[in-house]
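Worksheet: one structure, shown below.
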Amino acid sequence: MHAPDSPQGPQGPQASHAAQSVTLPVSLDEAVAALTAMPAAVPVAGGTDLMAAVNAGLLRPAALVGLGRINEIRGWQYQDGHALLGAGLTHARMGRPDFAALIPALAAAARAAGPPQIRNAGTLGGNIASAAPTGDALPVLAALEAMLVIVGPGEPGTAGSAGSAGSAGTSSREIPVSHLLAGREMLRPGELIGFVRVPLLHAPQVFLKATGRTGPGRAVASVGLVLDPARRGVRCAIGAVAPMPLRPLEAEQWVASLIDWDGGRSLAPEALEAFGEYVAAACVPDQGEPVAPGVLHLRRTVAVLARRALGRALTS
């Protein structure tokens, strides 16, 4: 898998000290072959999470498979109304204006990912594979209902879904990003995240987050919100408050039914306020009586983020 950003290409001298061997493939085929040959190997690209775990003594991989030289996963392409994003895209690259014009919320999340050294090294695939609750891209991908293209060992000639996947003894399969984050589906031996398929909605989308004082840019709560006018829908995902992004489905359906989709996407102010409270109650439930002050504060934070995100999307 793309390891904890960890996931994709050792950068710097620390990586070589963290494992007994380092393999540097130049294609997905080579990466899959290396992971298949070394089941204990960890794929790595930016290494922002992996090296933190190594330095803390929490992880000592036997081998690393660096993904930083695989050019096919460092860009993106258009495919049937979707953007096919390479898992090796860095946060810095996704934060640029050309990418922001394509997927604005994901670009905003990438720009908020931390200081420059983190944005320059950390990758989209690593953010997903590490599945840290505070990963900024995760609520956006959940709200966009993104799909992962997983590349792994297979019979030569197996049809692939993207890029060179499916060639020379590799195969590919697609799973919803939410399934991987929730543990409903896992990466199998020899597999890694090759691409992320994101629908191009050409509609307003917003990413917001609240940060605490535990570290630079680390989210206390975050929200990814997209409008889907074609289906008259609102999709919202809350990050950092649970092990995986949470979708308040009932709140989404309720507020979508109140939006005037034919008249400028207007919504009454009291409905906007209620939406924030609805989302907060769904994602930050009571934990007994009396409700702890920390829970109340987090619920207020989530309510504000959800309300502001929807308000910005409706007026974009």
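Numbers here are sequence positions counted from 1. These numbers were taken from a predicted model, which means no experiment stands behind them.
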Self-check item: CD1 on I175 to CD1 on I193, rounded to 0.5 Å
Solution: 7.5 Å

Which donor-acceptor pairs under 3.5 Å do the side chains of residues 104-120 make with protein atoms, sequence neighbours left out?
{"unit_1": "R111", "atom_1": "NH1", "unit_2": "G95", "atom_2": "O", "d": "3.1"}
{"unit_1": "R119", "atom_1": "NH1", "unit_2": "G114", "atom_2": "O", "d": "2.4"}
{"unit_1": "N120", "atom_1": "ND2", "unit_2": "P116", "atom_2": "O", "d": "3.1"}

Quiz item: Counting only heavy atoms not in R308, do more than 12 fall under 6.0 Å of its CZ?
Solution: no

Quiz item: In terms of side-chain geometry, is the basic nitrogen of R69 or E30 positioned less than 4.0 Å from the acidic oxygen of its partner?
Solution: no

Self-check item: Hydrophobic cluster membership, L249 vs L138, 4.5 Å side-chain cutoff
Solution: no

Quiz item: Between atom CE of M244 and atom CG of L180, what is the distance when rounded to the nearest 0.5 Å?
Solution: 10.5 Å

Quiz item: Mind checking whether E145 and P199 have side chains closer than 4.5 Å, heavy atoms only?
Solution: no

Practice problem: Work out which heavy atom in I73 is nearest to a heavy atom in G194; give both atom names and the distance. | Solution: CG2-O, 3.4 Å

Quiz item: Going through the distances and angles, do T211 and V220 end up as a side chain to side chain contact (heavy atoms under 4.5 Å, CB included)?
Solution: CA-CA 5 Å; T211 59; V220 170; 5.6 Å; no

Practice problem: Search all heavy atoms of T134 against all heavy atoms of A219 and return the closest pair with its distance. | Solution: CG2-O, 3.4 Å

Quiz prompt | R74 side chain vs G68 backbone, donor-acceptor pair below 3.5 Å | solution = yes

Practice problem: Mind listing the closest non-hydrogen atom pair of G152 and V32 along with its distance? | Solution: C-CG1, 3.5 Å

Quiz item: Rounded to the nearest 0.5 Å, what separation is found between the CD1 atom of I259 and the CG atom of L314?
Solution: 5.0 Å

Quiz item: Is it true that L89 and Y78 fall in one hydrophobic cluster, defined by side-chain heavy atoms closer than 4.5 Å?
Solution: yes

Exercise. Determine whether L124 and L85 make a side-chain contact, defined as any pair of heavy atoms from C-beta on separated by less than 4.5 Å.
Key: yes

Quiz item: Which heavy atom of V206 sits nearest a heavy atom of A309, and at what distance?
Solution: CG2-O, 3.7 Å

Practice problem: Report yes if the side chains of F195 and W76 come closer than 4.5 Å at any heavy-atom pair, otherwise no. | Solution: no

Quiz prompt | Derivation and outcome, side chain to side chain contact (heavy atoms under 4.5 Å, CB included), residues I150 and L192 | solution = CA-CA 6 Å; I150 307 298; L192 54 83; over 6 Å; no

Quiz prompt | Polar side-chain atom of E72 near backbone of L28 as donor-acceptor pair, under 3.5 Å | solution = yes

Please tabulate, for the side chains in residues 232-241, all donor-acceptor contacts under 3.5 angstrom to protein atoms that are two or more places apart in sequence or on a different chain.
{"unit_1": "R232", "atom_1": "NH1", "unit_2": "D262", "atom_2": "OD2", "d": "3.4"}
{"unit_1": "R232", "atom_1": "NH2", "unit_2": "D262", "atom_2": "OD1", "d": "2.6"}
{"unit_1": "R232", "atom_1": "NH2", "unit_2": "D262", "atom_2": "OD2", "d": "3.1"}
{"unit_1": "R235", "atom_1": "NE", "unit_2": "A143", "atom_2": "O", "d": "2.7"}
{"unit_1": "R235", "atom_1": "NH1", "unit_2": "D228", "atom_2": "OD2", "d": "3.0"}

Self-check item: Side chains of H179 and M147 in contact at under 4.5 Å (non-hydrogen atoms)
Solution: no

Quiz item: Does a side-chain heavy-atom distance below 4.5 Å link E185 with P176?
Solution: yes

Exercise. Starting at OG of S178, measure out to CG of L141 and round the result to the nearest 0.5 Å.
Key: 10.5 Å

Exercise. First locate atom CG of L64, then atom CE of M38, and finally report the distance between them rounded to the nearest 0.5 Å.
Key: 9.0 Å

Quiz item: Under 3.5 Å, is there a donor-acceptor pair between the side chain of S257 and the main chain of W254?
Solution: yes

Quiz item: Under a single-linkage definition using a 4.5 Å side-chain heavy-atom cutoff for Ile, Leu, Val, Met, Phe, Trp and Tyr, are V65 and V26 assigned to the same hydrophobic cluster?
Solution: no

Exercise. Using the side chain to side chain contact (heavy atoms under 4.5 Å, CB included) rule, take T315 and R265 through it: C-alpha gap first, then chi angles, then the decisive distance, then the call.
Key: CA-CA 8 Å; T315 56; R265 296 198 293 259; over 6 Å; no

Hey, can you pull the donor-acceptor pairs under 3.5 Å for the side chains in residues 273-286, sequence neighbours left out?
{"unit_1": "Y278", "atom_1": "OH", "unit_2": "E250", "atom_2": "OE1", "d": "3.4"}
{"unit_1": "D286", "atom_1": "OD1", "unit_2": "R299", "atom_2": "NH1", "d": "3.2"}
{"unit_1": "D286", "atom_1": "OD1", "unit_2": "R299", "atom_2": "NH2", "d": "2.6"}

Exercise. Decide if atom NE2 of H297 counts as having more than 12 heavy atoms of other residues, nucleotides or ligands within a radius under 6.0 Å.
Key: no

Quiz item: With a 4.0 Å cut-off, would you call D136 and K209 a salt bridge?
Solution: yes

Quiz prompt | Exercise: identify the closest heavy-atom pair between V149 and S172 | solution = CG1-CB, 4.1 Å

Quiz item: Quick one: does S171's side chain have a donor or acceptor within less than 3.5 Å of a partner on P153's backbone?
Solution: yes

Quiz prompt | 4.5 Å side-chain heavy-atom contact, L272 and L310 | solution = yes

Quiz item: Is P245 close to L181 at the side-chain level, that is, under 4.5 Å between some pair of heavy atoms?
Solution: yes

Quiz prompt | Worked verdict on I128 versus V196 for side chain to side chain contact (heavy atoms under 4.5 Å, CB included) | solution = CA-CA 10 Å; I128 298 167; V196 183; 3.7 Å; yes

Quiz prompt | N127 side chain to A137 backbone, donor-acceptor under 3.5 Å | solution = yes

Quiz prompt | Heavy-atom closest pair, residues F207 and S222 | solution = CE1-CB, 3.8 Å

Quiz item: Are the side chains of L200 and I103 in touch, meaning some heavy atoms are under 4.5 Å apart?
Solution: yes

Quiz prompt | Transitive ILVMFWY side-chain link V223 to V304, under 4.5 Å | solution = no

Quiz item: CG of L84 to CZ of R197: how many Å apart, nearest 0.5 Å?
Solution: 5.0 Å

